[in-house]
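Have a look at the structure below before the remarks.
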Amino acid sequence: MDQRHAGKIAVISGAARGIGQAYATRLASEGADIVVTDIRPGDETVAKVNALGRQAISVTCDVGDPAQVEALGREVESAFGRCDILVNNAGLIPNQHFDDVSFEDWRRIMATNLDAVFLMSKRFVPGMKTRGFGRIINIASNTFGQMAPGLTHYIASKGGVVGFTRALATDLGKFGITVNAIAPGLTRTPGTLELGDSYRGLPQEALYAAVAAKQAIPRQQTPDDLVGTLSFLASADSGFMTGQTLYVDGGLVRV
Ligand SMILES: NC(=O)c1ccc[n+]([C@@H]2O[C@H](COP(=O)([O-])OP(=O)(O)OC[C@H]3O[C@@H](n4cnc5c(N)ncnc54)[C@H](O)[C@@H]3O)[C@@H](O)[C@H]2O)c1
């Protein structure tokens, strides 16, 4: 594969499995070394990156916790010296009607899905500014554009991600740092499979099929459908594009 990310260090949150693991292997296949950070063990992703001939470390971190993010930053700097590409991918996908959402539920979703994007950006932007280069890619969701049921706190958090992406791009553009977001559609991952048969009010396979049928490209989405867009946003080719959210969902949501 084209080594467009050769010499770059990518920090990817939530990369132990699912979409984050696919992002890690794609960036590694194009030359990047990878920091896998997750609350789960990241060994499987590290092995996949190593098999591609790239270096990787796994750092256990709750990215919604300021002290753990600071410790992560120190580990990244001691192992690789810097972060060039920051992928804020870690996320919790709930299935909970508004009537049942407590303030604790709300805070838990906000901490992982939105606070973490702020904390990770705060930690890694100063180094990017010093070097005059950075790519920040935040993972939003197409549910922000189609308003699926049972997701009030989730959609609020992802709307925050879109807003933060737009705003942070303004503050960082003059420093060679771009900030963009990807909004995936419903993707078959461990995270969505764990939601079982009541997610969005349909049995699991019926839900995947119903969503696919509504898309302009009517097949089920997999993590591999997202990695090309991520690679582009992480590369020099997207250098004059910032503050944008790209919907990668088979054409379900049009903005
Ligand atoms: N799968 C989908 O249908 C879909 C659609 C739109 C957006 N997304 C977004 O894509 C991202 C990845 O989703 P996925 O489907 O791969 O989910 P997943 O549950 O399969 O993987 C998410 C990973 O994030 C990790 N994680 C959770 N909380 C964390 C925390 N506090 N700190 C560090 N790591 C944490 C988990 O351990 C897990 O390994 C999420 O932000 C999700 O909201 C997913």
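For ligands, and for the atoms within them, numbers begin at 1 and follow the listed sequence. Note that this is a predicted model, so its numbers are computed, not measured.
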Would Val125 end up clustered with Val76 when hydrophobic side chains under 4.5 Å apart are linked, directly or stepwise? yes
Minimal heavy-atom distance between Thr165 and Gln244, with the atoms involved, is CG2-O, 4.0 Å
Under 4.0 Å between heavy atoms, the region of Ala140 that gets near ligand 1 turns out to be backbone
Kindly state each residue pair satisfying side-chain hydrogen bond (donor to acceptor under 3.5 Å, both in side chains) with at least one member in residues 10-31, sequence neighbours excluded. His5-Glu30, Arg17-Glu194, Gln21-Glu44, Gln21-Thr45, Arg26-Glu30, Glu30-Ser231
Residue, atom and distance of the protein heavy atom nearest atom 1 (N) of ligand 1 read Thr187 O, 3.2 Å
Take every heavy atom of Gln221, measure it against each atom of ligand 1, and state whether any distance is under 4.0 Å. no
For Glu77, salt bridge (Lys or Arg N to Asp or Glu O under 4.0 Å) partners two or more places apart: Arg123
Are side-chain N/O atoms of Gln220 and Arg188 paired as donor and acceptor at under 3.5 Å? yes
Suppose we measure from atom 24 (O) of ligand 1 to each protein heavy atom; which comes out shortest, and what is that distance? Gly14 CA, 3.3 Å
Please indicate whether any nitrogen or oxygen in Leu186 is less than 3.5 Å from any nitrogen or oxygen in ligand 1. no
Does Lys129 qualify as a cation-pi partner of Phe175, given the criterion of NZ or CZ under 6.0 Å from the six-membered ring centre and within 45 degrees of its axis? yes
Whether Cys61 lies under 4.0 Å from ligand 1, heavy atom: yes
Determine, using heavy atoms of Ala116 and all atoms of ligand 1, whether some pair is separated by less than 4.0 Å. no
Which residue and non-hydrogen atom of the protein lie closest to atom 36 (C) of ligand 1, and at what distance in Å? Arg40 NH1, 3.2 Å
Look at atom 21 (O) of ligand 1 and say which protein heavy atom is nearest, naming residue and atom and giving the distance to 0.1 Å. Arg17 NE, 3.6 Å
Other residues, nucleotides, ligands: >12 heavy atoms within 6.0 Å of Phe133 CZ: yes
Should Thr192 be counted as touching ligand 1, given the test is an N or O pair under 3.5 Å? no
Which protein heavy atom lies closest to atom 16 (O) of ligand 1, and at what distance to 0.1 Å? Ile19 N, 2.9 Å
Polar contact flag for Tyr154 and ligand 1 (N/O pairs, less than 3.5 Å): yes
Salt bridge or not between Lys8 and Asp33? Use side-chain N to carboxylate O under 4.0 Å. no
Arg135 and Val87, any side-chain heavy atoms less than 4.5 Å apart: no
For ligand 1 and Gly191, I'd like to know whether there is a polar contact (N/O to N/O, distance under 3.5 Å). yes
Would you check the N or O atoms of Gly20, main chain and side chain alike, for any that come under 3.5 Å of an N or O of ligand 1? no
Using a 4.0 Å cutoff against the non-hydrogen atoms of Pro190, which atoms of ligand 1 qualify? 20 (O)
Which residue supplies the protein heavy atom nearest to atom 14 (P) of ligand 1, what is that atom called, and how far is it? Thr189 OG1, 3.7 Å
For Glu75 and Ile57 the tightest heavy-atom approach is O-CD1, 4.4 Å
Is the closest side-chain heavy-atom distance between Val179 and Arg166 below 4.5 Å? no
Closest candidate by heavy atom, reference atom 10 (O) of ligand 1, pool Thr112, Ile93, Ile139: Ile139
Return yes or no for this condition: an N or O of Asn89 is under 3.5 Å from an N or O of ligand 1. yes
Quick one: look up the protein heavy atom nearest atom 22 (C) of ligand 1 and list residue, atom name and how far away it is. Gly91 O, 4.0 Å
Could you find the nearest protein heavy atom to atom 4 (C) of ligand 1 and give me its residue, atom name and distance? Gly185 O, 4.0 Å
Under 4.0 Å between a side-chain nitrogen and a carboxylate oxygen: does that hold for Lys214 and Asp249? no
How does Arg188 reach ligand 1, if at all, at less than 4.0 Å between non-hydrogen atoms: by side chain, backbone, both, or neither? neither
Heavy atoms, side chains only, cut-off 4.5 Å: are Thr187 and Tyr208 in contact? no
